[in-house]
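Notes follow once the structure below has been shown.
Bear in mind the structure is a predicted one, so any value in this text is a computation, not a measurement.
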Amino acid sequence: IVDSNSNILDSLQSPRGSEGAKTAMLLQSSLMKLQLLLVATKVFNQLCVRNERRQFLQVDAWQWPPLVASDLALRESAGSSGEEMTSEDDSAVDGAFVMKNSKIRAVLTYIPQVIPFKQRLSIFQSLLELDKAAVYGGDGSHGAIAAALGFGTSAVRIEVRRDRIVDDAFDALHDMPAVRLKGKVQVEFISGQGYHEAGIDGGGLFKEFLDAFSKSAFDPNFGLFVPTSTQLLTPKPSVHLELDYFNFIGKMMGKALYERVLLESEFAGGFLNLLLGRTNSFDDLYYLDEQMYRSLVNLRQFASSGGDIKSLELFFESSRKSDDQVVDKELIPGGSAIRVDNSNVHSYIHLLSHYKQNLETAEQCHAFVSGFRSIIPLEWIRMFSTRELQLLISGDRRPIDIADMQRHVHYASGYHESQPYIQAFWRIVSEMSPEDQGNLLRFVTSCSRQPLMGFGQLNPTFCIQQTPMYSSGVEMVESPRLPSAATCMNLLKLPKYDSEEMLKEKLLYAIRSNSGFELS
């Protein structure tokens, strides 16, 4: 700011009269304070990023005391009224809601980490609810934006084959305006044999659809994403002809976040940085390619110790394998003929790191980010770190709070919390290993991680339903049924076995084999 206003400072340095001198000194002092504030903010944020990579302070050491509720209040801006919008508008409510307290909004913009994560999460969820009310009406009635764009309240209906779920969803939804996609989507599954599966989608089937879609779309075998050395996902560098698919998958991940549906997929920090509108730096390379990062660190140390870089026969180019072929890309014009030496090694390290993280998959990332932000505007999520954004996408890896799960469960078809059998069930669950508790949660909800704000926010509510122990009703004809689940409804179908030992045996077998899905 001081540099860009040097002409103002020049005029302040030669004021007219004593009053002018005082004014000039006050203005100059204010500019210096502002410059100091900007520098201090930048350093503070850099320290927070460093702490996120290699922790040297506890998270709460960066935080202010929790804010009062009035400081977190949101107001709807004039831009969300839906006026002058067209059906082609893919971001009709981008940034439409702002904080009533302008100072808190500034804090959320520049140093959001000082506000506890749960309070920022509460703000984000309030933004979602306000947006849903503006687009389609909170109670299912017409919202202002839906009315302005001519959309009715009826759900979009699609049919998808389970074995071609990504392609069928793309064909049905990729041309749909993002504002329309924010509304209800009802799914009908078609089995591998070509039959329409039974079931009426009241919201649960769409959750099952999002889960199955994400697992297929982010599967490395599908060809759009690849795992890093730490098994985190990032776009595949060699894919250039599927940008429409990247854009659509970005929309669907945004839709999952919009509907608070947790996904199992976990992403590399560099990719999440791009979703947050941040450029990756050298240290972020560690999360994309640990081996390359360590090699470049060793190269820098070798140069600092006086080693002869030229002897390593490096050039200003990047190489990667694509379809069993080696593809070279020049880092600078003519880079394949420019040898790396001690005078330019630091430039080489910077250019190679920048290319691998920000340029190599720029087209794919841009397409994905564009689709994602058409559902979830950048202004809504830039208050989170990459780790926190991953929590929003896939939930919390901390040990599952079984007591909280038990407080927010419903019982059906004869079960009740007071029954000894149900008490035995919870005793078995509480004694399970953390891995098996995660298996149980995945078995019932399709995600092994609990909701960030607790099981009270799980939608639909976790439910345990009593089912017959024998399919035919004839005990001597068959073995007792295994527990099964309807993940679309977060429903555990639990037979009433003859003993606690049999209950434990059957339950563990079912959740470990992950083979109990049944559609109600």
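To the nearest 0.5 Å, atom CE of residue M432 and atom CG of residue L508 are 4.5 Å apart. Residue I402 holds its CD1 atom at 7.0 Å from CG of L440, rounded to the nearest 0.5 Å. For the atom pair CG (L392) and CG (L257), the distance works out to 5.5 Å, reported to the nearest 0.5 Å. Within the model, atoms OG of S448 and CG of D436 stand 12.0 Å from one another, a figure rounded to the nearest 0.5 Å. Within the model, atoms CD of Q357 and OG1 of T234 stand 9.5 Å from one another, a figure rounded to the nearest 0.5 Å. Between atom CD1 of residue I123 and atom CE of residue M383 there is a gap of 5.5 Å, rounded to the nearest 0.5 Å.
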How far apart are the C-alpha atoms of K504 and E500, what are their side-chain angles, what is the distance that settles it, and do they pass the salt bridge (charged side-chain N to carboxylate O under 4.0 Å, His left out) test? CA-CA 6 Å; K504 181 176 181 179; E500 184 173 337; over 6 Å; no
Stepwise ring-ring contact (aromatic ring centres under 6.0 Å, His included) test for F267 and F218: CA-CA 10 Å; F267 301 94; F218 295 123; 5.0 Å; yes
Go through the steps to decide whether R512 and E435 satisfy the test salt bridge (charged side-chain N to carboxylate O under 4.0 Å, His left out), and finish with yes or no. CA-CA 10 Å; R512 288 171 179 174; E435 181 181 3; over 6 Å; no
Could you check D163 against R161 for salt bridge (charged side-chain N to carboxylate O under 4.0 Å, His left out), going step by step and ending with a plain yes or no? CA-CA 5 Å; D163 56 350; R161 294 167 289 181; 5.1 Å; no
Between Q390 and S394, does a side-chain hydrogen bond (donor to acceptor under 3.5 Å, both in side chains) hold up when you go through it step by step? CA-CA 6 Å; Q390 182 63 62; S394 59; 2.8 Å; yes
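Of all non-hydrogen atoms in L276 and F384, the two that sit nearest each other are CD1-O, 3.5 Å. Across all non-hydrogen atoms, the minimal contact from P483 to F443 is O-CZ, 3.6 Å. A pairwise comparison of heavy atoms in P468 and R481 identifies O-CD, 3.5 Å as the closest pair. Residues L275 and M253 approach most closely at CD1-CE, 3.8 Å, considering heavy atoms. The two residues L181 and K251 make their nearest non-hydrogen contact at CD2-CB, 4.1 Å. Heavy-atom minimum distance, E159 versus D168: O-CB, 4.2 Å.
Using a 30° and 60° split on the angle between ring planes, H174 and F170 fall in the parallel class, below 30°.
With contacts defined as side-chain heavy-atom distances shorter than 4.5 Å, the pair F248/V166 does not qualify.
Around atom CD of Q291, no more than 12 heavy atoms belonging to other residues, nucleotides or ligands sit under 6.0 Å away. A 6.0 Å sphere centred on CD of E290 holds more than 12 heavy atoms belonging to other residues, nucleotides or ligands. In this structure, H366 places its NE2 atom where only 12 or fewer heavy-atom neighbours from other residues, nucleotides or ligands lie under 6.0 Å away.
When the ring-ring contact (aromatic ring centres under 6.0 Å, His included) test is applied to F372, no partner is found at least two apart in sequence or on another chain. A search for side chain to side chain contact (heavy atoms under 4.5 Å, CB included) contacts involving D167 returns R164, F222, Y245, not counting sequence neighbours.
Each of R54, R294, R50 was evaluated against D283; a single residue qualifies, R50, per the salt bridge (charged side-chain N to carboxylate O under 4.0 Å, His left out) test. Of the listed residues (N280, T279, D284), just one forms a side-chain hydrogen bond (donor to acceptor under 3.5 Å, both in side chains) with N358, and that residue is N280.
Relative to the ring axis of Y258, K132 places its NZ or CZ within 45° and under 6.0 Å from the centre.
With no hydrogens or angles considered, a side-chain donor-acceptor pair links Q113 and N45 at under 3.5 Å. Donor-acceptor pairing under 3.5 Å is recorded for the side chains of Q125 and Q457. With hydrogens and angles left out, the side-chain atoms of N459 and K207 include no donor and acceptor closer than 3.5 Å.
Taking the six-membered ring for Trp and the full ring otherwise, the centers of F44 and Y110 sit at least 6.0 Å from each other. When ring centroids are compared, F282 and Y293 come within the 6.0 Å threshold. Checked against the 6.0 Å centroid criterion, the rings of F368 and F271 qualify as a close aromatic pair.
Side-chain atoms of S216 do not come within 3.5 Å of backbone N or O of F213 as any donor-acceptor pair.
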